[in-house]
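Worksheet for the structure shown next.
Heavy-atom basis, side chains included; hydrogens, waters and symmetry copies ignored. Small disclaimer: the values here were computed from a predicted structure and weren't measured.
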Amino acid sequence: MRFEGKVAIVTGAGGAGVGGLGVVYARALASEGASVVVADIDGEAAVEVAESIAATGAQAIGVRCDVASGDDIDAMVQVTVDAFGGVDILVNNAGLARGKWSEALILSADEWMEILAVNTVAPIMCAKACAESMRGRGGGVVVNQSSNGALMDAGAYTVSKLALNGVTRVLADEFADDNIRVNGIAPGMMTAKLPEKQVQTLLARQTVRRQGQPEDLVGLLLYLCSDESSFMNGQTVVIDGGMARSPKN
């Protein structure tokens, strides 16, 4: 029970994300003793996930939050403080991916602003909103959900996640005096539904010839959120079956 007495917020945890990563993250943190706030733009889905976690005997509540909205972010943090007393862990998992976000020149200025607002700016705003509570509790941890797409060519998605890797480094520096550590996880292809041809193309670039599972990321998440990683800060770790291993990719 590494996180007994700790409070965690996981955004994008209503189940609609890639492979349900946020759901798996929230359940993993709760299984290690954390009180978890499940946040998602789909409020009903967030409540359903939280109820399924609470049914195991853990502490969890669901909150609707559009991470592109400053008011929603502030409300999410306030609900967390009111329910559990503060925030120790923030997992910035909410994001936009695939489809048109794998393009660049076809996107309008408004669409560019949308993906950057969700994938790049929102993690900053969420961290900023949680920082006061984390400081009051002696420090905290932020984990940003990046992607190995940041190391490849995937349109606007690449731009937003490469920028997020920079955000991770900058926030680690900005929060250093507050004992708030910031790191990132950059997964490769997960279990989300993709055209079979695309799946095979991606598998051919990996050294581990299978799609990733959300559970493949849990060990790193728990490590980054715990004191076991107390000497690690500003890093984004790639877990992608060996895909992004060389410049030729």
Does [X] belong to the same Ile/Leu/Val/Met/Phe/Trp/Tyr cluster as [Y], with side-chain heavy atoms less than 4.5 Å apart forming each link?
X      : Y      : answer
Val67  : Leu171 : no
Val167 : Val118 : no
Ile124 : Phe175 : yes
Leu217 : Val143 : yes
Val7   : Ile61  : yes

Checklist entry - Does a salt bridge link Arg64 with Asp72, judged by any charged N lying under 4.0 Å from a carboxylate O? => result yes
Closest non-hydrogen atom pair between [X] and [Y], with its separation:
X      : Y      : answer
Ile180 : Arg135 : CD1-CG, 4.4 Å
Gly234 : Arg169 : O-CG, 3.4 Å
Trp101 : Glu114 : CH2-OE1, 3.6 Å
Phe3   : Leu222 : CZ-O, 3.5 Å
Asn92  : Pro123 : ND2-O, 3.4 Å
Leu29  : Ala8   : CD1-CB, 3.9 Å

Next on the checklist: Clusters formed by hydrophobic residues whose side-chain heavy atoms approach within less than 4.5 Å: which one holds Leu105, and what are its other members?
Outcome noted: none
Are the side chain of [X] and the backbone of [Y] linked by a donor-acceptor contact shorter than 3.5 Å?
X      : Y      : answer
Ser147 : Gly188 : no
Asn183 : Asn144 : no
Glu228 : Ser226 : no
Arg181 : Met232 : yes
Ser229 : Leu224 : yes
Asp227 : Ser230 : no

4.5 Å side-chain heavy-atom contact, [X] and [Y]:
X      : Y      : result
Leu107 : Lys100 : yes
Cys225 : Leu221 : yes
Glu111 : Ile115 : no
Val87  : Ile89  : no
Met189 : Leu203 : yes
Arg205 : Met152 : yes
Asp240 : Gln206 : no

Next on the checklist: As a quick check of understanding, evaluate side chain to side chain donor-acceptor pair (under 3.5 Å) for Thr11 and Asn93, giving each step before the final call.
Outcome noted: CA-CA 5 Å; Thr11 67; Asn93 176 70; 5.7 Å; no
Atom pair [atom1] ([X]) and [atom2] ([Y]), whose distance is rounded to the nearest 0.5 Å:
X      : Y      : atom1 : atom2 : value
Thr120 : Lys161 : OG1   : NZ    : 7.5 Å
Met134 : Asp178 : CE    : CG    : 10.5 Å
Met76  : Ser69  : CE    : OG    : 10.5 Å
Ile73  : Asp66  : CD1   : CG    : 8.0 Å
Gln200 : Glu196 : CD    : CD    : 4.5 Å
Leu116 : Ser160 : CG    : OG    : 6.5 Å

Next on the checklist: Could you walk me through whether Asp153 and Thr158 satisfy the side chain to side chain donor-acceptor pair (under 3.5 Å) test, starting with their C-alpha distance in whole Å, then the side-chain angles of each, then the deciding distance to 0.1 Å, before giving a yes or no?
Outcome noted: CA-CA 6 Å; Asp153 299 319; Thr158 284; 5.7 Å; no
Item to check | Verdict with supporting geometry, Thr236 and Ile185, side chain to side chain contact (heavy atoms under 4.5 Å, CB included) | outcome: CA-CA 5 Å; Thr236 298; Ile185 300 174; over 6 Å; no
Item to check | Pair Arg210-Asp216, salt bridge (Lys or Arg N to Asp or Glu O under 4.0 Å): steps then yes or no | outcome: CA-CA 12 Å; Arg210 66 169 176 83; Asp216 291 325; 2.9 Å; yes
Next on the checklist: Let's go through Glu48 and Ser52 carefully: what are the C-alpha distance in whole Å and the side-chain angles of both, what is the deciding distance for side chain to side chain contact (heavy atoms under 4.5 Å, CB included) to 0.1 Å, and is it a yes or a no?
Outcome noted: CA-CA 6 Å; Glu48 288 179 7; Ser52 72; over 6 Å; no
Checklist entry - Yes or no on side chain to side chain contact (heavy atoms under 4.5 Å, CB included) for Leu96 and Tyr157, after CA distance, side-chain angles and deciding distance? => result CA-CA 8 Å; Leu96 297 174; Tyr157 185 71; over 6 Å; no
Next on the checklist: Between Asp82 and Gln78, do the side chains contain a donor N or O and an acceptor N or O under 3.5 Å apart?
Outcome noted: yes
Checklist entry - Is it true that atom CD of Glu44 has more than 12 heavy atoms of other residues, nucleotides or ligands lying nearer than 6.0 Å? => result no
Without placing hydrogens or testing angles, list every side-chain donor-acceptor pair under 3.5 Å for residues 31-39, not counting sequence neighbours.
from, atom 1, to, atom 2, distance (Å)
Ser31, OG, Ala28, O, 2.7
Glu32, OE1, Arg2, N, 3.1

Next on the checklist: For a side chain to side chain contact (heavy atoms under 4.5 Å, CB included) check, start with the C-alpha distance between Leu151 and Val238, then their side-chain angles and the critical distance, and finish with the verdict.
Outcome noted: CA-CA 10 Å; Leu151 307 175; Val238 179; 3.9 Å; yes
